[in-house]
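Below is one structure; the comments refer to it alone.
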Amino acid sequence: MAYAYLLPGLAAFAAFVLWPLLRAGWISLFAWDGITVGEWVGLDNYGEVLSDPELRSAFVHALVLLVFYAFLPVVIGLVLAAAMARSRVRGLTAFRTVLFLPQVVALVVVAVMWRMIYDPGSGLLNETLRAVGLGGLAQNWLGDFDLALPAVGLIGTWVMYGLAMVLFTAGVQKIPQSLYDAARVDGAGPVREFFAVTLPGLRNEIAVALTL
């Protein structure tokens, strides 16, 4: 019965995702301009992709962005969730709300705001560096070939860590308190408690966060 309920969604997924994916894989085995009859070339197209230095660099850039958009938000979210799980201070809910705000701000607003921050002339980042006597570090952050990619990646980290934090905070709440109590009785400190109790209890949430 459960599979019967899944069938409509699976049918739509197969029609609009799986079949186009398989069709694209089949087309990739041909030299085809989209109009005339294609010529079978096998895996030659993939060999050309792997041997093209510009295309390889594009894959490397994508991997760098994965670090900023997936790995760093998960790490930051884990640290924040673990810290807030141990904290019993007033105003913690408001603090969580502030940390989650980047996730709910429209991406257009995020783009405009960070463009103003990175502005090479009077941007907040460069002005702050000049104010503290580090004007020599002021840069054209989005116009430098070496700095543009991490500068954009940092924006992704800022936007995504709030979602990871909320997922992990919810996950921590379902971990039995008795496990934490047992770890503390055994003399575990905050770091040991995190790796022995919190991290294993958040495996499902980490998988979801990385997927998103």
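- Applying the 4.5 Å side-chain rule to ILVMFWY residues, one finds Tyr5 in the same cluster as Met1.
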Only pairs under 3.5 Å count here: list side-chain donor-acceptor contacts from residues 151-167, not counting sequence neighbours, and write none if there are none.
residue	atom	partner	partner atom	Å
Thr157	OG1	Phe68	O	2.6
Thr157	OG1	Gly153	O	3.2
Tyr161	OH	Leu99	O	3.3

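- At most 12 heavy atoms of other shown residues, nucleotides or ligands fall within 6.0 angstrom of atom CE in Met116.
- The side chain to side chain contact (heavy atoms under 4.5 Å, CB included) check on Leu6 picks up Tyr3, with sequence neighbours excluded.
- Crowding of Arg56 atom CZ: a count of heavy atoms from other residues, nucleotides or ligands under 6.0 Å exceeding 12.
- Screening residues 190-202 for side-chain hydrogen bond (donor to acceptor under 3.5 Å, both in side chains) gives Arg86-Glu193, Tyr180-Thr198, Arg184-Glu193 as the qualifying pairs, with residues at least two apart or on separate chains.
- Residue Asp146 comes nearest to Asp144 through the heavy atom pair N-OD1, 2.7 Å, listed as atom of the first residue, atom of the second, then distance.
- Two residues are said to be in side-chain contact when any heavy atoms from C-beta on lie closer than 4.5 Å; Leu29 and Val41 fail this criterion.
- In this structure, Leu10 is not a member of the same hydrophobic cluster as Trp19, with clusters built from ILVMFWY side-chain heavy atoms closer than 4.5 Å.
- Annotation: Leu107, atom CG; neighbour count of heavy atoms from other residues, nucleotides and ligands within 6.0 Å does not exceed 12.
- Note on Val75: it clusters hydrophobically with Tyr69, by side-chain heavy-atom contacts below 4.5 Å among ILVMFWY residues.
- Here Val17 sits in one hydrophobic cluster together with Phe13, Leu18; the rule is ILVMFWY side chains under 4.5 Å apart, joined directly or through other members.
- In the hydrophobic cluster analysis, where Ile, Leu, Val, Met, Phe, Trp and Tyr join through side-chain heavy atoms closer than 4.5 angstrom, Val112 is grouped apart from Val110.
- Proximity of His61 to Leu65: side-chain heavy atoms (C-beta onward) are nowhere separated by under 4.5 Å.
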Side chains of residues 201-212: which donor-acceptor partners sit under 3.5 Å, not counting sequence neighbours?
residue	atom	partner	partner atom	Å
Arg203	NE	Pro200	O	3.1
Thr211	OG1	Ala207	O	2.7

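- One finds the CG atom of Leu125 at 8.0 Å from the CD1 atom of Ile117 (value rounded to the nearest 0.5 Å).
- Taking Asp181 as the reference, Gln177 meet the side-chain hydrogen bond (donor to acceptor under 3.5 Å, both in side chains) condition, with sequence neighbours excluded.
- Cluster annotation: Val104 and Met113 are assigned to the same hydrophobic cluster (Ile/Leu/Val/Met/Phe/Trp/Tyr, side-chain heavy-atom contacts under 4.5 Å, transitive).
- Each side-chain hydrogen bond (donor to acceptor under 3.5 Å, both in side chains) pair with one or both residues in residues 116-128, not counting sequence neighbours, appears once here: Asn126-Trp141, Glu127-Arg130.
- Both Val109 and Leu101 belong to a common hydrophobic cluster when Ile, Leu, Val, Met, Phe, Trp and Tyr are linked at side-chain heavy-atom distances under 4.5 angstrom.
- Residues in residues 23-57 take part in these ring pair (Phe, Tyr, Trp, His ring centres under 6.0 Å) pairs, two or more places apart or across chains: Trp26-Phe30, Trp26-Trp40, Phe30-Trp40.
- Asp52 and Glu54 make their closest contact through OD1-N, 2.9 Å (heavy atoms, listed as atom of the first residue, atom of the second, distance).
- For the atom pair Phe71 CZ and Ile76 CD1, the distance stands at 10.0 Å (nearest 0.5 Å).
- Looking at residues two or more places apart in sequence or on another chain, you find a side-chain hydrogen bond (donor to acceptor under 3.5 Å, both in side chains) between Asp33 and Thr36.
- Through direct or relayed side-chain contacts under 4.5 Å between Ile, Leu, Val, Met, Phe, Trp and Tyr, Phe59 connects to Val49, Leu55.
- Not a single side-chain hydrogen bond (donor to acceptor under 3.5 Å, both in side chains) links Ser57 to another residue, sequence neighbours left out.
- Within the 4.5 Å cutoff, side-chain heavy atoms of Leu78 are placed close to those of Phe194.
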